[in-house]
S.K.: 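Dropping a structure here in structure tokens format, bear with me for questions.
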Amino acid sequence: MDIFDKLLKHMGPIGEHAARAHGYFAFPKLEGEIGPRMSFRGKEKIIWSLNNYLGLANHPEVRATDTEAATKFGLASPMGARMMSGNSDHHEQLEKELSEFVNKEDTILLNYGYQGISSAIDAICSRRDIIVYDAECHASIIDGLRLHPGYRYVFKHNDIADCEKQLTRAQEMAKSQGGGILLITEGVFGMAGDQGKLRLITDLKDRYKFRLLVDDAHGFGTMGKNGAGTGEEQGIQDKIDLYFSTFAKSMASIGAFISGDKAIINFLRYNMRSQIFAKSLPLPLVIGNLKRLELLRTQPALKHKLWENVKKLQHGLKENGFDIGSTNSPVTPIYLQGDIPEATAMCLDLRENYNIFCSIVVYPVIPKGQIIYRLIPTAVHTDEDINLTLEAFKQTKQKLDEKMYKVAEIPFV
Ligand code: PMP
């Protein structure tokens with residue numbers, strides 16, 4: 001049998017919609033300067049799907065630094081992996097500044113968050129070790145688990161009683177295997193927007209012996225008094241053993257990092273396969289990230305404005321009777337009832353007739369009969385953007401409730 005045969009027969013759970021969705025719901029092209037208004041298929045839309053929380057993507061100082069650094073160094077520099085030939089003062093400077101900011105002894109830069117965190121899990125855990133993790137952890141963590149040859153126990157999302165139950169099992173198993181326990185959760189869960197219960201989890205450290213790895217992709221820059229993340233927000237940053245974030249969200253860039261105790265980070269530096277065997281982050285990205293971090297730290301007005309917009313949007317949605325679940329972060333889900341045809345018809349109506357562009361989540365990512373619209377407010381959205389969006393949702397929900405949406409006739413297919 002040709003190994004490709006099955007790929008031609010079935011495109012996979014998302015791919016099976018490709019013929020109808022490609023270019024519109026999947027792989028859409030947003031054009032123009034990154035911001036709350038961009039062009040989609042030649043028409044201006046209000047954009048709610050970019051994790052550009054602080055609006056740094058198009059900040060004039062960021063744009064100037066990116067340009068200067070690219071002109072000076074090009075995208076090739078430095079060549080090679082950090083360990084072999086790809087290190088620089090700039091890389092080390094960024095690590096130093098990140099460590100200071102998130103209040104950890106040391107930091108290692110990662111080329112991408114996805115392989116970075118998978119690979120960190122791989123480097124830390126031997127076959128004797130046990131991983132305990134939240135059921136809603138990001139795919140990059142799940143892929144890290146796939147690399148783990150030992151036992152793993154999942155706890156129900158943010159359910160501390162279940163977390164404790166799994167820790168009890170893990171502790172017994174770790175004892176019999178002669179290994180340790182790594183607990184993995186997130187600072188802010190990217191779909192529902194609820195914070196991980198980090199304080200309650202760290203309280204369990206009194207009774208169970210485990211180390212805590214927190215993926216704070218959505219919390220870094222958005223949460224905590226100084227924007228240092230969800231650990232700062234919940235006052236337990238010192239109890240997080242390994243703090244991870246990507247630069248792909250509030251930093252509006254590429255790359256990621258893990259911070260922790262010096263000796264452990266140094267171990268990772270010499271043992272993370274994704275970094276040892278991959279090219280180092282290009283200098284323009286590193287220098288651009290230094291500038292972004294400077295702005296994130298020194299311009300609290302950006303985070304204030306973000307939260308002002310978060311409150312306006314979330315308050316407005318609640319006032320209009322929308323269910324936004326238990327978010328306590330900028331991530332704003334809107335939970336609606338309906339099936340895929342209705343969901344796509346409503347999304348199409350929002351895009352074409354109200355000029356609102358946002359992401360939609362349907363089965364199989366969530367149970368059948370549910371629709372989630374996911375809105376990401378940013379510091380650069382205006383009151384007008386928010387008001388137009390609230391009105392559009394109000395009108396389209398009414399149509400959904402009155403069963404006016406049938407099958408989406410996507411204009412271009
Ligand atoms: N963790 C979480 C929670 C994420 O949302 C993402 C996606 N950005 C990643 C890890 C992967 O990060 P990156 O885009 O830098 O690969």
Side-chain angles (χ1 to χ4, degrees), residues 14 34 48-54 56-57 91 94-95 98 102 107-124 131 133-147 154 157-158 182-198 201 212-223 229-231 233 240 242-259 268 272-275 278-282 284-286 288-289 292-293 296 327-333 359 361 365-366 372 374-376 378:
I14 306 174
I34 295 174
W48 294 101
S49 359
L50 308 182
N51 296 307
N52 179 26
Y53 289 114
L54 301 174
L56 289 181
H91 287 73
L94 181 55
E95 290 177 335
L98 284 163
V102 300
T107 293
I108 175 172
L109 289 183
L110 309 167
N111 301 349
Y112 271 101
Y114 201 111
Q115 316 88 311
I117 195 161
S118 304
S119 175
I121 295 168
D122 175 50
I124 294 163
I131 299 177
Y133 65 102
D134 188 287
E136 285 188 14
C137 278
H138 188 260
S140 53
I141 296 169
I142 304 304
D143 282 5
L145 298 174
R146 288 176 171 181
L147 295 172
V154 58
H157 173 57
N158 254 342
L182 181 68
L183 195 151
I184 311 174
T185 189
E186 296 191 18
V188 169
F189 286 86
M191 281 290 156
D194 52 340
Q195 290 173 45
K197 293 183 178 162
L198 304 183
I201 289 174
L212 176 61
L213 164 60
V214 173
D215 178 339
D216 204 21
H218 291 272
F220 180 77
T222 68
M223 308 298 294
T230 317
E233 172 83 20
I240 295 174
L242 287 167
Y243 179 86
F244 163 96
S245 183
T246 167
F247 298 141
K249 303 192 194 282
S250 60
M251 294 272 278
S253 178
I254 296 178
F257 68 96
I258 301 186
S259 305
L268 291 178
M272 283 180 68
R273 294 170 64 80
S274 69
Q275 307 307 305
K279 191 175 187 285
S280 159
L281 267 182
L285 286 171
V286 176
N289 284 327
R292 287 159 172 82
L293 183 61
L296 193 151
T327 178
N328 48 7
S329 75
V331 176
T332 307
S359 307
V361 190
V365 181
I366 51 171
I372 303 179
R374 184 166 161 273
L375 274 56
I376 303 290
T378 70

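In each ligand, atom 1 is the first atom listed, and ligand 1 is the first ligand listed.
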S.K.: Over 60° means perpendicular and under 30° means parallel, so classify the ring planes of Tyr243 and Phe257, tilted if in between.
M.R.: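 Geometry flag for Tyr243 against Phe257: tilted rings.
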S.K.: Give a yes-or-no answer on whether the side chains of His218 and Ser329 include a donor-acceptor pair shorter than 3.5 Å.
M.R.: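 His218 vs Ser329: no donor-acceptor pair found between side chains.
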S.K.: How far is atom 9 (C) of ligand 1 from its nearest protein heavy atom, and which residue and atom is that?
M.R.: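 Result: His138 CE1, 3.5 Å.
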S.K.: Atoms of ligand 1 less than 4.0 Å from Thr246 heavy atoms?
M.R.: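 Checking each atom against Thr246, I get 12 (O), 13 (P), 15 (O).
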S.K.: Work out whether the distance between some heavy atom of Ala256 and some atom of ligand 1 is less than 4.0 Å.
M.R.: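 Contact absent.
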S.K.: Heavy-atom contact under 4.0 Å between Lys249 and ligand 1?
M.R.: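 Yes, Lys249 has heavy atoms under 4.0 Å from ligand 1.
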S.K.: Look at atom 16 (O) of ligand 1 and say which protein heavy atom is nearest, naming residue and atom and giving the distance to 0.1 Å.
M.R.: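 Atom 16 (O) of ligand 1 sits closest to the protein heavy atom Tyr114 N, 2.8 Å.
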S.K.: Counting from 1, what ligand 1 atoms have a heavy atom of His218 closer than 4.0 Å?
M.R.: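 Within the 4.0 Å cut-off of His218, ligand 1 contributes 5 (O).
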S.K.: For His138 together with Phe189, are the ring centres under 6.0 Å from each other?
M.R.: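 Between Phe189 and His138, the centre distance exceeds or equals 6.0 Å.
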S.K.: Which ligand 1 atoms are under 4.0 Å away from a heavy-atom of Ser140?
M.R.: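 The list of qualifying atoms is 1 (N), 10 (C).
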S.K.: Measure from the side-chain N and O atoms of Asp122 to the backbone N and O of Ser118, and report whether any donor-acceptor pair falls under 3.5 Å.
M.R.: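 Looks like no, no N/O pair under 3.5 Å.
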S.K.: Output yes when the distance from some N or O of ligand 1 to some N or O of Asp215 is under 3.5 Å, and no in every other case.
M.R.: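 Yes - when backbone and side-chain N and O of Asp215 are compared with those of ligand 1, one distance drops under 3.5 Å.
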S.K.: I'd like to know if Ile117 contacts ligand 1, where contact means a heavy-atom distance under 4.0 Å to any ligand atom.
M.R.: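 No, that is not the case, since the closest heavy atom of the residue is not under 4.0 Å from the ligand.
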S.K.: Partners of Arg146 by salt bridge (charged side-chain N to carboxylate O under 4.0 Å, His left out), sequence neighbours excluded?
M.R.: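 With sequence neighbours excluded, Arg146 shows a salt bridge (charged side-chain N to carboxylate O under 4.0 Å, His left out) to Asp143, given in chain and number order.
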S.K.: Taking 4.0 angstrom as the limit and counting only heavy atoms of Ala248, give me the atoms of ligand 1 inside it, by number and element.
M.R.: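 In order of numbering, the contacting atoms are 14 (O).
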S.K.: Is the backbone of Gly190 close enough, under 3.5 Å, to the side chain of Arg374 for a donor and an acceptor to pair up by distance?
M.R.: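 Such a contact is found between Arg374 side chain and Gly190 backbone.
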S.K.: Which residues pass the salt bridge (charged side-chain N to carboxylate O under 4.0 Å, His left out) test with Glu95, sequence neighbours left out?
M.R.: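 Expected list: Arg82, Arg269.
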S.K.: Thr107 side chain to Ser259 main-chain N or O, any donor-acceptor pair under 3.5 Å?
M.R.: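 Checking the backbone N and O of Ser259 against the side chain of Thr107, no donor-acceptor pair under 3.5 Å is found.
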S.K.: Judging by distance only, is a nitrogen or oxygen of Gly113 under 3.5 angstrom from one on ligand 1?
M.R.: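 Yes, there is a polar N/O contact under 3.5 Å.
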